[in-house]
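The block underneath contains the structure these notes are about, expressed in structure tokens.
Here the structure is a predicted model, which means the values were calculated and not measured.
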Amino acid sequence: MDAAIDLPSPLPAPGGARPAARPEIRAHQDMTSTTSAPQENRVFYLGADRGLLADLEPLLQPKGLRIASFENAYDLVRELADAAPEVAIVETAALPEEDGLAKLVAELRRARGQTKVICIARDDRREDAMEARLAALRAGAASYLAAPVSPRRLAARVLRMCGLVETTRYRILILDQDAKQAKKIATLLASIGMETLVLDAPMKLLARMQAFRPNLVLMSLYLEGVTGSELTAIIRDHDDFYGIPILFLSDEDDLGKQLAALKAGGDGFIHKPVKRAALIAAVEYRMRMSRWLQDRRTLVNRRETATGFLPRDVFMRHLEQIAKAGAPQSGAIALILVDLDEPQRFLDKLGLTVTEKLLRALEGVLSRLMVTEDSATRMADFRYALLAAREDVGALEALATSLCQQIAGLEPEDREIDFRIAASLGVGLLDSPSEDAVTMVARAEKAVAGARSVGGSQVHVWSSQPTAGASPEAESVVKRLVSAALAQDGFLLLFQPVLALSQSDDELYEAQIRMQTLDGEQIPPADFLSVAERSEMMPRVDRWVLRRAFEVMSAQRESHPGLKLLVHQSVGTLSAPEWFPWLRDQILTLNLTRMYPLLEFQMTDVRQNRAETKVLIDRLGRYGIQICVANVSGSRDEVSLLGRIGVKLAKLSFSVVRNTDRARLTEIVQALQARGIAVIAPGIDDQETVSRVWTCRPDFIQGSYLQPPSQELSFDFHRMSREA
């Protein structure tokens, strides 16, 4: 035992000798850290504040957490040979030397791998607070508190780091006109620490919900003057409460009436007369399910358990910037997707709580394998993404393989459950500067599909570069891919919002085409449109894009009444004699006489076909369809040309927005606006660009900083317009 302790221990005892454990401290350890308590339910406390310890224990013990206390760091390190904690609370005054915190954190992580450390400083002078906090952060502490510490605040932090949620936070609203029954239910729920509000007036329901903010509603199915189904429909239609779980209190046995209530938005039934066990089981399950689904659907990252994780939207913006910058001159970059195999089996066999703990453990594995430059996020319910940079492709493959192996080694805490987790990993390599975030994700998804197709629990790598001995894809290959996509509906549209800087009721998205191959790869337009143009297939591509845009506008007319799509087209396609009759047929067939897209031409196309463009603009104007010209540099000749042919909307080129100073950019915007041309500034990919472009006052801004391209029309224009 002594040799095992001596080898890793970097913490010397005062005076260089090993101190003997004090009898009273060892007795306390034996009492609070019994062998029956699982390792995951242990909290270590290093310090001498017995008052804080006495106040903390009753707050943690009801949650199944036991505290083992130590007065010196050497005793704590010796205890790690038997068991390690999930959380360690460390007073800096109890550390034997200046860098003791870093050494202790290293010992804890060597023993367990993901112990979170809360540092408490008792000599935290105001002028040194930032320096001390920074030192604790660099030493590996997850949290820093200055004494005196509130026991409740400390307990809440420990519970959060252990993944536990206090049930006292749950608030239940009870709507039942049977006062005796409602009081009984409220008493039962209060006995398990839930806060309740009893209501007997159905017409006051929304007002009470606004004030009480319940986490769950229990309501009788039949009320005076209104039914529970009707009230549920009203709640589901309310922006603030549509996601709140609703359980009906009823003795209704008619299956048809039960289904009608559930279709109105109810989540389940609790039969009257209410039994305590049934009530508590139904409420607790529904609360856990609601919290789990909300966390997963909104993709909220738990910072306590996933160091290095980013919110999904921030991660995608970061990925977009990396992809546009292109492959580095040295080293390699990849997006690694982690897709859990058979996720429904997790829920069916393990339940929500155990599944959550396994996912937290998986996130811990990801965090430990990441370096400073890496970042990760949760992409979907059972999918994670890791953006990693290493010295070469081989190192990236080794990283993914190690990750796959460590995930396969995860298992539930309950050893009696025979269950192994498995994941398919796809590595999408960044190869060229023409790519973007969507392309990177598509490549990794293609690799994931390949790994899963041969049984899962392995790693596949995808790259656009040819392997040794292979020839690069010739133009004829791309031509065949485009032809196949046209024949088999192999294209898809992604939508990116274009935000007006003035108040507007319209929702403007740019529709961007992608080509999707049979094996799932998504090819960006720069890689195939030029080939399609040389092969004289652009008219067919343009018609597919416009027809698909019409279908989207038709399907979204009720949910997005102000929807407008900016759709890429070619002057040559629209100049063909049969194009206008085809356009009229599309509009009439889909009944889109009051919903028109905006058509977008490229500046080079307009310069080469000035006369045709002028005719098209005049004719389309009679239909109420406007033209936007993209990739405008803002030169005097271009501004003059756009003004003469009657263009009403111009989209600046990316290079102009990114590389032009503020004064010149302002001149370009004002020159276009002076000719009645509204201006779109694209390429808004970071806060610095927003700040620089904002003062130039374009009419619209667009870029991945607002939202990357997506297949969903999910941007909140009204909120962003108010913020603007």
Separation between OH (Y45) and CD1 (I120), nearest 0.5 Å, reads 5.5 Å
Checking D374 side chain against L386 main chain: does a donor-acceptor pair fall under 3.5 Å?
no
Tell me, do K116 and S143 make a side-chain contact under 4.5 Å, heavy atoms counted?
no
Indicate yes or no for a side-chain donor-acceptor contact from T115 to the backbone of P85 under 3.5 Å, with no hydrogens or angles considered.
yes
Kindly say whether F70 contributes a backbone atom to a donor-acceptor pair with the side chain of D75 at under 3.5 angstrom?
no
Taking atom CD1 of I407 and atom CG of L358, what is their separation to the nearest 0.5 Å?
11.0 Å
Start with the C-alpha gap between F44 and L80, add the side-chain angles, then the distance that decides, and say whether side-chain contact (heavy atoms from CB on, under 4.5 Å) holds.
CA-CA 10 Å; F44 280 7; L80 295 178; 3.8 Å; yes
Could you grab the distance from atom SG of C119 to atom CD1 of I89, nearest 0.5 Å is fine?
11.5 Å
Salt bridge or not between E445 and R383? Use side-chain N to carboxylate O under 4.0 Å.
yes
Test E107 against R110 for salt bridge (charged side-chain N to carboxylate O under 4.0 Å, His left out), laying out the working first.
CA-CA 5 Å; E107 287 295 314; R110 184 179 294 115; 2.5 Å; yes
Indicate the atoms forming the closest heavy-atom contact of L396 with A334, along with that distance.
CD1-CB, 3.7 Å
Contact between R443 and L429 at the side-chain level, heavy atoms closer than 4.5 Å - yes or no?
no
Hey, is CD on E712 packed in by over 12 heavy atoms from elsewhere, all under 6.0 Å?
no
Please tell me if the side chains of L154 and L52 come closer than 4.5 Å, counting only heavy atoms from C-beta onward.
yes
Between R662 and V693 (side chain of the first, backbone of the second, donor and acceptor by atom type, cut-off under 3.5 Å), is there such a pair?
no
Any side-chain heavy atom of R50 sitting closer than 4.5 Å to one from S69?
yes
Tell me if a side-chain donor or acceptor on T377 pairs with a main-chain N or O of L310 at a distance below 3.5 Å.
yes
Audit row: Y384, L362, side-chain contact (heavy atoms from CB on, under 4.5 Å) steps and yes/no
CA-CA 9 Å; Y384 292 86; L362 187 154; 3.7 Å; yes
R153 side chain to L145 main-chain N or O, any donor-acceptor pair under 3.5 Å?
no
Sub-3.5 Å donor-acceptor pair from the side chain of E391 to the main-chain atoms of G331, do we have one?
no
If the threshold is 4.0 Å, N to carboxylate O, is there a salt bridge linking R378 and E363?
yes
So L387 and I336, do their side chains get closer than 4.5 Å, heavy atoms only?
no
Taking it one step at a time, do Q406 and S402 satisfy side-chain hydrogen bond (donor to acceptor under 3.5 Å, both in side chains)?
CA-CA 6 Å; Q406 293 192 42; S402 176; 3.2 Å; yes
Walk me through it: do V283 and M194 pass the test side-chain contact (heavy atoms from CB on, under 4.5 Å)?
CA-CA 10 Å; V283 169; M194 296 190 181; 3.9 Å; yes
Do L53 and I67 touch side chain to side chain, with heavy atoms closer than 4.5 Å?
yes
We want to know whether D341 and S424 form a side-chain donor-acceptor pair, criterion being a heavy-atom distance below 3.5 angstrom.
yes
Mind running side-chain contact (heavy atoms from CB on, under 4.5 Å) on V371 and R390 for me, showing each step along the way?
CA-CA 9 Å; V371 298; R390 294 295 186 270; 3.5 Å; yes
Just wondering, do Q458 and L425 contact through their side chains at under 4.5 Å, heavy atoms?
no
Rounding to 0.5 Å, atoms CD (Q707) and OG (S714) come to a distance of 4.0 Å
Note, M316 side chain near V441 side chain (heavy atom, < 4.5 Å)
yes
